[in-house]
**Q** 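The structure that follows is given in the form of structure tokens.
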Amino acid sequence: MEFAELIKTPRVDGVVLHRPFLPTVEGTLCLTGHHLILSSRQDNTEELWLLHSNIDAIEKRFIGSLGTIIVKCKDLRIIQLDIPGMEECLNIASSIEALSTLDSVSLMYPFFYRPMFEVIEDGWHLFSPEEAFKDLESMTDEWRLSEVNKDFTVCPSYPSLVTVPKDIDDDTLCKAAAFRHGGRFPVLSYYHKKNGMVMMRAGQPLTGTNGRRCKEDEKLINATLRAGKRGYIIDTRTIAVAQQAKARGGGFEQEANYPQWRRIHKAIERSNILQESLIKLVEACNDQSNSMDRWLSKLEASNWQSHVKEILTTACLAAQCIDRSGASVLVHGTEGTDSTLQVTSLAQIILEPACRTIRGFQALVEREWLQAGHPFQQRCAQSAYSNGKPRSEAPVFLLFLDCVWQILRQFPCSFQFNEHFLITLFEHAYASQFGTFLGNSAAESRVKLKLSRKTVSLWSWVNRPQELERFVNPLYEPNSLVIWPSVAPQSLLLWEGVFLRWNRSTKFLDEAYEEMVHIIEYNKELQNKVNSLRRQLAQLETEDSPLQTP
Amino acid sequence: MFLVAFLSHITSLLRKTVENVRLIDRLTPRKSVVGTLYLSSTHTIFVENSDARRETWVGTETCLRPPTTPSGSPLVIRCKNFQVYQLLLPQEKDCVDIQASLIRLSRPDRYGELFCFSFQPNVDKEEREKAWGFLDLHAEFSRMGIPSNLWHITPANHEYRVCDTYPSELFVPKSASPAVIVGSAKFRSRGRLPVLSYFHRDTSAAVCRSSQPLSGFSARSLEDEQMLQAIMKSNPASEYMYVVDTRPKLNAMANRAAGKGYENEDHYTNIKLHFIGIENIHVMRNSQQKITDVGDMRSPSMGDFLWGLENSGWLKHIKAVLDAGVFIVKAVAEEGVSVLVHCSDGWDRTAQACSVASVLLDPFYRTIRGLMVLIEKDWVSFGHKFSHRYSHLEGDPKEVSPVIDQFLECVWQLMEQFPCAFEFNERFLLQLHTHIHSCQYGNFIGNSQKERRDLRINERTHSVWPHLWENRAEYINPLYRADHSQSKGILRPVTTPYCFKFWKGMYSPAERGVALRQSPSDSLNAVREESQQLEEELSAHQEVPRETDAGQGIHAHTRHMPT
């Protein structure tokens with residue numbers, strides 16, 4: 001298919017662009033296969049380059065022959081284009097609609113994007129399971145890297161290499177896979193160096209209504225326990241939801257079959273409820289006419305903050321089991337690709353200082369989200385303005401980032417990255433020139449789409465020194481401790497950087513940030529000066545000393 | 001030193017000491033400690049046995065005694081600054097006694113029993129006098145640049161003859177004759193006539209304050225009308241002025257039946273009447289009770305918390321106060337029009353509206369000294385009823401209301417929006433709040449200047465201002481720079497509901513402790529301190545970086561921003 005077929009009108013003159021907090025711009029609107037471009041043809045005015053894939057929804061309005069298109073973006077921004085001429089306006093609108101809802105992945109921009117920078121360090125090869133396993137090997141010899149899934153047949157959503165207990169052979173893994181939702185047999189998610197406890201994750205066990213059991217599955221997870229120790233199974237669903245799952249062939253671990261494990265149920269909501277929550281929250285944030293009472297009641301009704309609290313609480317629970325109770329943990333929900341990953345990745349942020357560095361956080365996202373098979377393409381197909389029937393869209397990853405931001409707010413000195421980094425990841429998960437978040441699993445992205453050959457990795461760009469600088473938290477002081485966030489509602493805030501980003505000017509907050517950077521930079525400069533002076537002095541003293549001593 | 005002074009205060013009053021008291025850590029009960037409890041009228045002191053820690057708690061608000069348990073008799077003390085302490089006493093009898101004493105001591109009948117009258121810091125008479133002169137309101141009015149041909153100090157209130165709740169020195173339009181002043185005072189509730197509160201030099205517009213007029217349904221006073229005319233004319237360029245009635249219009253109308261009310265626009269020429277709708281002290285008292293309960297909730301769900309926040313109405317009230325300030329600023333700074341602000345008596349909502357407007361208008365009030373001056377001017381000198389509102393003495397509970405708390409919170413909300421615009425940090429606001437309730441210093445005792453004069457506060461107690469000033473290093477906001485564009489000029493805050501936050505530092509002190517183990521502000525201050533030392537070391541080696549000179553220190557440095 002040619003993009004040209006979809007572009008009914010490639011360009012219109014005299015279009016006026018309205019954006020939040022920026023002066024209106026008049027110029028020429030151009031549509032290309034992947035971008036909506038507004039150019040004022042003046043050197044000093046900023047142009048608009050908007051990826052079609054960033055467009056969540058559009059609305060048309062007409063007053064006489066002047067048409068207006070309201071473009072609602074996945075990053076929650078809303079812009080307005082005034083287009084003279086009804087026909088042009090209709091053409092533009094239908095072109096944008098067609099181009100922003102392309103079904104075929106291979107037509108996405110990352111396959112066409114050529115970087116304007118030299119790729120020094122290829123992000124596609126930075127975080128391989130082999131590398132992660134090398135780290136693990138240096139701490140323990142109780143685990144092995146299995147190739148049982150090398151052609152993605154045992155578990156289509158797992159990577160080709162997974163870490164499993166050393167004593168468990170591939171045959172056992174295959175049998176356990178048959179007993180777990182989506183073939184997601186229990187694999188290692190995190191090894192806690194401090195006490196050797198581990199966190200595993202899986203899909204739900206397929207016990208069904210007649211309580212099916214699987215000896216291999218039991219053997220597999222028992223192999224992670226120390227002699228005489230008990231472990232915890234954290235089921236991210238309520239007991240009621242888990243019971244209902246039995247009717248559809250799913251279920252949960254029966255005490256009788258897993259006597260060494262204690263099961264705890266939490267209440268993290270599922271995808272469609274989260275999507276509704278996001279839509280309601282953004283609607284509330286965008287309504288400037290709210291009274292205080294209405295704002296607070298809409299904020300409450302959206303339930304977004306409740307989801308944040310529940311996810312963080314569950315992550316803290318998992319971390320506590322590991323660090324405080326010295327027990328190993330298995331986390332799962334239904335599929336093991338959403339709430340499970342929120343919990344396992346946040347628990348690592350709490351427990352593992354390395355995950356709080358920029359590189360470590362990238363590795364975490366790679367390991368616990370991309371390679372772990374979070375279906376990014378399905379989940380991020382639509383954002384808060386989607387009015388179509390939701391399929392499997394859900395802000396699962398955005399909620400994870402929100403939770404990270406909450407911890408960052410509470411421990412502002414313990415993270416190497418800043419809020420801007422988290423917002424950037426949110427944007428790229430929904431629309432990007434990079435291939436990192438394309439596809440739904442390692443099998444799909446690595447093999448079918450050949451992403452690593454055909455697209456550029458987000459990390460290749462992020463890790464360039466010029467870019468990295470913008471993501472560094474100036475307050476960062478490496479903190480080797482476990483950090484326990486407060487999950488009290490009094491301590492959890494609305495993530496303004498995302499949800500109010502386009503509703504109020506951040507000028508004063510940006511200035512404060514710059515001031516903070518300035519104070520720290522200046523201190524560093526002074527330190528360097530003083531240090532070099534001290535060195536000079538010491539040198540002079542050693543040179544002079546023979547003369548001075550009588 | 002403080003403890004010694006305090007213990008002698010205790011001995012001079014009804015005293016109570018209990019040993020072997022267990023102080024329960026609300027978050028981690030394992031960390032509880034044993035010590036001795038000392039009680040007095042205003043403070044409760046807990047001294048840990050190991051002497052590693054002593055804690056002073058400000059005035060008891062409530063004291064509850066849950067049922068005795070096998071491990072002892074529990075006592076829950078909530079202080080006026082919203083701190084809550086849980087104690088475990090060995091003897092039930094002691095527990096009952098302590099509760100009774102605390103309730104009795106928390107509100108003495110006489111001023112003389114308040115702590116400030118026995119608090120003896122180690123300063124001599126001369127220093128004490130100097131301390132009371134630390135803030136000079138006279139100088140403050142000169143700082144505003146009031147043109148002497150338009151405004152002057154009237155001797156009318158000498159010896160508080162016209163109004164006993166006003167300061168003796170009042171700025172009025174020069175064109176207002178003594179007869180107009182006295183006549184206007186007679187037509188205003190409690191004689192609180194329209195006088196100058198703040199003069200905005202850039203536009204020559206003034207913020208004036210008064211109480212409501214005694215207009216009823218038909219009464220009028222030519223003198224009062226002339227007074228408003230005089231105020232309007234003192235701003236030569238303007239053709240009208242605003243009268244901002246900070247009450248909801250319904251309340252203002254209801255007052256007419258009692259012979260009070262608001263200005264009749266038919267009688268006053270060229271005034272525009274504007275109602276803001278800040279609720280009365282009773283509504284605010286109930287609202288604060290609810291917001292403290294919300295802040296205090298133990299592990300609530302998010303829904304409970306947000307519902308509680310909405311149901312308390314607190315943020316709505318804070319928004320109303322801030323909106324009042326924003327309206328006044330718009331009138332004064334943008335339209336260049338003078339404003340007369342009043343409510344009923346003109347000592348609560350009026351003080352809030354005027355002082356919020358001042359903070360928005362004038363960068364000086366965003367400094368440590370400036371905020372002190374503002375509180376001294378708009379609140380202390382203009383007869384905000386501190387002793388009634390913050391129940392320093394046993395009295396009518398209906399007089400109690402968190403009026404100045406709301407002002408402090410407006411400032412805090414502004415600090416959240418303008419992080420570089422304020423010289424002080426949140427700790428300073430909390431410290432002010434504590435001192436307003438603690439009665440350790442004399443500044444906030446009594447209900448008017450006259451009352452403090454009659455109590456000889458200046459001779460018998462000490463002033464808190466120099467004390468706060470000496471400790472100002474603790475209250476510095478590291479992001480503040482006097483030369484920053486954000487610090488200069490007028491603040492124009494956004495007052496959309498989502499801009500208002502729950503003030504955790506005030507209403508969830510326990511949560512504040514848990515969650516803010518890392519304060520960016522404190523670590524930045526530490527960095528700045530280190531930079532200063534480095535600068536000193538460098539200048540000792542005469543190798544100061546190019547743009548820095550000792551006088552301007554860190555701020556003179558050229559910025560090195562990452563791009």
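Letters A, B, ... are given to chains in the order of the sequence lines, protein chains preceding strands, and every chain is numbered from 1. These numbers come from a predicted model, not from an experiment.
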**Q** Under a 4.5 Å cutoff for heavy-atom pairs, which residue among B:Asn311, B:Leu309, B:Leu479 has the most contacts with chain A?
**A** B:Leu479
**Q** When only pairs under 4.5 Å are counted, which of B:Ser523, B:Ser485, B:Pro300 shares the most heavy-atom pairs with chain A?
**A** B:Pro300
**Q** Among residues two or more places apart or on two chains, list those pairs meeting salt bridge (Lys or Arg N to Asp or Glu O under 4.0 Å) that have a residue in residues 304-314 of chain A.
**A** none
**Q** Can you tell me which portion of A:Arg294 sits under 4.5 Å from chain B's heavy atoms? Options are side chain, backbone, both or neither.
**A** neither
**Q** For residues A:Phe499 and A:Trp304, establish whether the separation of their ring centroids is below 6.0 Å.
**A** yes
**Q** Using heavy-atom distances under 4.5 Å, tell me whether A:Leu475 contacts chain B through its side chain, its backbone, both, or neither.
**A** side chain
**Q** Which answer fits A:Asn303, side chain, backbone, both or neither, if we ask what part of it has an atom under 4.5 Å from a heavy atom of chain B?
**A** neither
**Q** Less than 4.0 Å between a side-chain N and a carboxylate O, is that true for A:Arg534 and B:Glu537?
**A** yes
**Q** Regarding A:Trp495 and A:Glu419, is there a side-chain donor-to-acceptor distance under 3.5 Å anywhere?
**A** yes
**Q** Tell me which of these, A:Ala301, A:Ser297, A:Pro474, has more heavy-atom pairs under 4.5 Å with chain B than the rest.
**A** A:Ser297
**Q** Verify the neighbour count for atom NZ of B:Lys330: are there more than 12 heavy atoms of other residues, nucleotides or ligands below 6.0 Å?
**A** no
**Q** Does CZ in A:Arg270 sit with more than 12 non-hydrogen atoms of other residues, nucleotides or ligands closer than 6.0 Å?
**A** no
**Q** Do A:Gln416 and A:Asn473 make a side-chain contact, defined as non-hydrogen atoms from C-beta onward lying under 4.5 Å apart?
**A** no
**Q** Measuring heavy-atom distances to chain A, does B:Ser301 have an atom under 4.5 Å in its side chain, in its backbone, in both, or in neither?
**A** backbone
**Q** Under a 4.5 Å cutoff for heavy-atom pairs, which residue among B:Trp307, B:Tyr498, B:Phe418 has the most contacts with chain A?
**A** B:Tyr498
**Q** For chain A, find which of B:Glu530, B:Lys319, B:Gln417 contributes the most heavy-atom pairs closer than 4.5 angstrom.
**A** B:Glu530
**Q** Looking at the rings of B:Tyr507 and B:Phe82, which for Trp means the six-membered one, are their centres under 6.0 Å apart?
**A** yes
**Q** Verify the ring-centre separation between B:Phe422 and B:Tyr480: is it less than 6.0 angstrom?
**A** no
**Q** Considering residues at least two apart in sequence or located in another chain, which fulfil the side-chain hydrogen bond (donor to acceptor under 3.5 Å, both in side chains) criterion with B:Glu423?
**A** none
**Q** Report the option among A:Gln288, A:Met292, A:Glu477 that has the most heavy-atom pairs separated by less than 4.5 Å from atoms of chain B.
**A** A:Met292
**Q** Identify which part of A:Leu494 has an atom lying under 4.5 Å from any heavy atom of chain B, answering side chain, backbone, both or neither.
**A** neither
**Q** Quick check for you: among A:Gln527, A:Lys524, A:Lys507, which has the greatest number of heavy-atom pairs under 4.5 Å with chain B?
**A** A:Gln527
**Q** Heavy-atom distances under 4.5 Å only: say whether B:Thr496 touches chain A with side chain, backbone, both or neither.
**A** side chain
**Q** At a 4.5 Å cut-off on heavy atoms, which part of B:Val494 comes close to chain A: side chain, backbone, both, or neither?
**A** neither
**Q** Contact part of A:Ser291 toward chain B, heavy-atom cut-off under 4.5 Å: side chain, backbone, both or neither?
**A** backbone
